[in-house]
Number of protein chains: 2
Amino acid sequence: MKQEGRTAPGAPATLWDRTRQLASQEILETALRLFTEQGYDETTIAQIAREAGVSQRTLFRYFGTKEDLLGGDQGRFGQVLTDTIGEQPAEAGVWEALRAGVAAVLALHDSREQALERFRLLHNTASLRAGWLEKRLRFQEDLLPLVEARMGAAVGSADPRARAVVATAFACLDAASMAWVDNDGKGDILDLYDECLAAVRG
Amino acid sequence: MKQEGRTAPGAPATLWDRTRQLASQEILETALRLFTEQGYDETTIAQIAREAGVSQRTLFRYFGTKEDLLGGDQGRFGQVLTDTIGEQPAEAGVWEALRAGVAAVLALHDSREQALERFRLLHNTASLRAGWLEKRLRFQEDLLPLVEARMGAAVGSADPRARAVVATAFACLDAASMAWVDNDGKGDILDLYDECLAAVRG
DNA sequence: GTCAACTTGGCAGAGACTGTCAGAAGTAGT
DNA sequence: ACTACTTCTGACAGTCTCTGCCAAGTTGAC
């Protein structure tokens, strides 16, 4: 299995690529539909596979875990995050850089409705939240060197401050998105994020 | 099953209570030993049960999940946390109250070595971290009303600020404990916690 | 001693996930 | 078009966590 193909711009777009793209999308849509219809825990892999018209084995080849069926391409989240922050001007402070990263990631969702649906599922399903938090932790670790550099700390040292700053930013994003869901998607998450950060750093 | 007995101070201390206490301890020690010896993921429930001299079924009756085998009595963590914060004087600020809670929880570990062992396992095992984070999230929710009251916010409103503050405190605790583990348990976690908070709120 | 309350172990089974393997389907060389 | 090669798929069996159920044993209260 070598799924690197990723539909590059001037793609060769072999039949395999297109087929995989299609299957992947079909699985993803079926999963999201069933999750919202009957809940995450109440939906089995077997059911998703059946309704998507593939075998369980194939489903697991596309998405390594059940959690991966939500959140689509989470790899991109981390990528966009680190890229955006890395591109911030050197004179920008840590918090400005982190804010820019958060904004970029939030802009990644297809639509407000889809984002709301995903966030709602995420915040209401314990088993999902756990996996999501863990994945986010990996993003945080990836961000560490960038933040350390901006804070003037020795990169890779045992200095906990950079980690605390990054984790705080995510904590605020979490609080903001939860409030956003509670408000049924009214308003802007980024505004809520700013509000949270102000409350913390006040 | 009614395991409420919990060896109250002037306990009746029936034979059942003592037996359960013993079995629980035996299981816990066996689990921690095997986890540190061969890793969390590489240790199966079957093995723990066998070496602890109980059936798998009984093991699951004592500890609902594999994760529960680490962290001992996590219920107490949340209890101590909310109790301590609730007992703080009204004129104490949010951050002082939260710090007191954190200190109380940290004081709960039996020994420095055991705490170090647990933290190390926790931070190095992805599957464990996920569950731990999720459990912590529940503590955070429990704390919410207390913090909201102290911040003068409408309790139960969609105000994300209290959630952000609580999450930030935990984020700092996380960063502090990770640095502590990296330093092989040298120094005081609470000092690191203060350092983190200063970096965030600085 | 009797009976109720409690505890235990074994069994069967669900559900997520993995390794393996034969075979189908696409791709490329001639 | 024929062949050789790579890629993908489905099926099967198996592992591991976790749950429901039931029969048997132990303890406690009277």
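Using a 4.0 Å heavy-atom cutoff across all strands shown, B:Thr19 reaches no nucleic acid atom at all.
Atoms CZ (A:Arg61) and P (C:dT20) sit 13 Å apart, rounded to a whole Å. Following rounding to the nearest Å, B:Leu69 (CG) and D:dT17 (P) show an atom-to-atom distance of 10 Å. One can place CG of A:Leu22 at 15 Å from P of D:dC8, the figure rounded to the nearest angstrom. Straight-line distance from the CD atom of A:Gln38 to the P atom of C:dG15: 12 Å, rounded to whole Å. If you take CG of B:Asp68 and C1' of D:dT17, they are 13 Å apart, rounded to a whole angstrom. Remark: P of C:dT8 and CD of B:Glu26 are 14 Å apart, rounded to the nearest angstrom. The distance from atom CG of B:Leu15 to atom C1' of D:dT26 is 9 Å, rounded to the nearest whole Å. We find that OH of B:Tyr40 is positioned 11 Å from C1' of D:dC16, with the value rounded to whole Å.
A distance-only check finds no donor-acceptor pair linking the side chain of B:Ser24 to the backbone of B:Arg20 [under 3.5 Å]. Without hydrogens or angle criteria, A:Arg150 side chain to A:Ala92 main chain gives a donor-acceptor distance under 3.5 Å. A donor-acceptor pair under 3.5 Å is absent between the side-chain atoms of B:Thr125 and the main chain of B:Leu122, judged by distance alone. No donor-acceptor pair under 3.5 Å is formed between the side chain of A:Arg163 and the backbone N or O of B:Cys196.
B:Arg161 has no carboxylate O lying under 4.0 Å from a charged side-chain N of B:Glu148, or vice versa, which leaves the two without a salt bridge. Using a 4.0 Å cut-off between charged side-chain N and carboxylate O, B:Asp68 and B:Lys135 make a salt bridge.
Side-chain proximity of A:Lys66 to D:dC18, C:dC17, C:dG26: nearest is C:dC17. Checking C:dT18, D:dT7, D:dC18 against every side-chain atom of A:Trp16, the shortest atom distance belongs to D:dT7.
An OP1 or OP2 oxygen of D:dC8 is reached within less than 4.0 angstrom by a side-chain nitrogen or oxygen of A:Arg20. Under 4.0 angstrom from either OP1 or OP2 of D:dC8 there lies no side-chain N or O belonging to A:Tyr62.
B:Tyr40 carries B:Lys66 over the face of its six-membered ring, with the cationic atom under 6.0 Å from the centre and within 45° of the normal.
A heavy-atom distance below 4.0 Å to DNA chain C is reached by these residues of residues 41-59 of chain B, ordered by number: B:Val54, B:Ser55, B:Arg57, B:Thr58.
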